[in-house]
Q: 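Sharing a structure here in structure tokens format.
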Number of protein chains: 2
Amino acid sequence: MKDARPCSIADTLALVGEKYSLLVLREVSLGATRFDQLVRNTGAPRDVLATRLKRLVEADLLEKVAYSERPPRHEYRATRAGRELEPVLLTLMAWGDRHLNEGDRPMVIEHAGRRGRPGGSLGDHELVPLVVCAQCGEEVHHDDLTAHPQVPGWTATGPAKT
Amino acid sequence: MKDARPCSIADTLALVGEKYSLLVLREVSLGATRFDQLVRNTGAPRDVLATRLKRLVEADLLEKVAYSERPPRHEYRATRAGRELEPVLLTLMAWGDRHLNEGDRPMVIEHAGRRGRPGGSLGDHELVPLVVCAQCGEEVHHDDLTAHPQVPGWTATGPAKT
DNA sequence: GTCAGTGGGTTTGATTTCCGGACTCACCAA
DNA sequence: TTGGTGAGTCCGGAAATCAAACCCACTGAC
């Protein structure tokens, strides 16, 4: 892992790319916030889960919130940074639905309509996640993209040869 | 990992969630398609990379394309399914840029304007990936979402108790 | 008051995976 | 003949994973 391309994808994966981390965020986002729920729903070994939770709390993606004093009990809640990973989860899910589970999706997400609210017209409907460019509003296509590494010594395809 | 919640996120991660797999797809998408480039740019040990590549080719996310007969040489190219993971990479990158590398992004993606093309008005600009709902066009907010597990025995927060 | 149960972990010891470096093999070029 | 490249494979030690057992503070039922 030394000397690899400097990149926010790698940085993000270093934080949440280990096995189970993203599944933990999925569960928390679904409302399963307690240790034993996380064990059951992710299938992670208890010790691994404990390690992951420690890291996610340190990184401020989750926080421990007490829900009982005596006996001391707490649950894990997503922070703002944690919630902002939800688009990643939705995009992963959309890919898996399309390419791995075509025709029998294990889960469907309902998107509440915004009737009466600013810009809203449609009622409740199924969520279909799509990545667009916030600047121009258009769907993102590979052929419209050009990468510009900002770090000296790197080009799009590798380290500049010295 | 046994008995965990059935879910396309988990299924997708089972395929591309191992260390380096997504970095390989990043590199291929950037145009670094050869074994030694992938070693240098991802930092993966050579044997691990060989294993990952084998899996990605089997899963039809990458394909081996010969670019020389004698000596036999080939490069790895993304298939359609592989390219469709790009939104995941872009979303991960956006998160890392915001939360890990605020103020000095290691890479900037330029988005080609579609002046003159259908719906286009803006010139070239920086890509800012955003997840919206394809049905209604609106940005996705956690509070508008409701998950509906399709698999009997599971609720949003865990297995239905028997 | 004892006994089983629950929530949230930690400990243990065996198995897997990862790692960096050295090695291979086929070919080309000087 | 020597050196270099591309695409791996092989090796032995270090680290991570796993399932299962254990722990501890507390509770509620008998």
Q: Distance-only check: which donor-acceptor pairs under 3.5 Å involve side-chain atoms of residues 53-60 of chain B, not counting sequence neighbours?
A:
from: B:Arg55; atom 1: NE; to: B:Glu18; atom 2: OE1; distance (Å): 3.3
from: B:Arg55; atom 1: NH2; to: B:Ala14; atom 2: O; distance (Å): 2.8

Q: Establish, from distance only, whether the side-chain atoms of A:Thr146 and B:Glu110 form a donor-acceptor pair under 3.5 Å.
A: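 A:Thr146 vs B:Glu110: no donor-acceptor pair found between side chains.
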Q: Just distance, no hydrogens or angles: give the donor-acceptor pairs under 3.5 Å from side chains in residues 82-91 of chain B, sequence neighbours left out.
A:
from: B:Arg83; atom 1: NH1; to: B:Ala78; atom 2: O; distance (Å): 3.3
from: B:Glu84; atom 1: OE1; to: A:His99; atom 2: NE2; distance (Å): 2.6
from: B:Glu84; atom 1: OE2; to: B:Arg80; atom 2: NH1; distance (Å): 2.7
from: B:Glu86; atom 1: OE1; to: A:His142; atom 2: ND1; distance (Å): 3.2
from: B:Glu86; atom 1: OE2; to: A:His142; atom 2: ND1; distance (Å): 2.6
from: B:Glu86; atom 1: OE2; to: B:Ser29; atom 2: OG; distance (Å): 3.2
from: B:Thr91; atom 1: OG1; to: B:Pro87; atom 2: O; distance (Å): 2.6

Q: Going by the salt bridge (charged side-chain N to carboxylate O under 4.0 Å, His left out) test, which pairs reach into residues 23-35 of chain A, not counting sequence neighbours?
A: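 Listed once each, the pairs are A:Glu27-B:Arg5.
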Q: Compute whether any side-chain donor of one residue and acceptor of the other, for B:His111 and A:Gln135, lie under 3.5 angstrom apart.
A: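 Note: B:His111 and A:Gln135 side chains miss the donor-acceptor criterion.
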Q: Please compare A:Arg46 and A:Pro71 by the position of their nearest nucleotide in DNA chain D and report the one closer to 5'.
A: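 Per heavy-atom nearest nucleotide, the more 5' residue is A:Arg46.
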Q: Both A:Arg52 and B:Lys64 contact DNA chain D. Taking the nearest nucleotide for each, which residue is further toward the 5' end?
A: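 On the 5' side of the pair lies B:Lys64.
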Q: Taking any atom under 4.0 angstrom from a heavy atom of chain A, which nucleotides of DNA chain D are the first and last to qualify, 5' to 3'?
A: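 Span of nucleotides near chain A: D:dT17 to D:dT27.
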Q: Tell me, please, which residues at least two apart from B:Asp36 pass side chain to side chain contact (heavy atoms under 4.5 Å, CB included).
A: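 Applying side chain to side chain contact (heavy atoms under 4.5 Å, CB included) to B:Asp36 gives B:Arg40, B:Arg46.
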Q: Taking any atom closer than 4.0 angstrom to a non-hydrogen atom of chain A, what span of DNA chain C does the protein reach, first nucleotide to last?
A: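 That gives a stretch of C:dT6 to C:dT12.
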Q: Checking the side chain of A:Glu63 only, and the main-chain atoms of A:Leu61 only, is there a donor and an acceptor separated by less than 3.5 Å?
A: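 Flag not set: sc A:Glu63 to bb A:Leu61 has no pair under 3.5 Å.
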Q: Reading DNA chain C from 5' onward, which residue's closest nucleotide shows up sooner: A:Asp47 or A:Pro72?
A: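 Per heavy-atom nearest nucleotide, the more 5' residue is A:Pro72.
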Q: Please determine whether residues B:Ile9 and A:Leu30 belong to a single hydrophobic cluster, defined as Ile, Leu, Val, Met, Phe, Trp and Tyr linked transitively by side-chain heavy-atom distances below 4.5 Å.
A: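 As far as the 4.5 Å side-chain criterion goes, A:Leu30 and B:Ile9 are not connected within one cluster.
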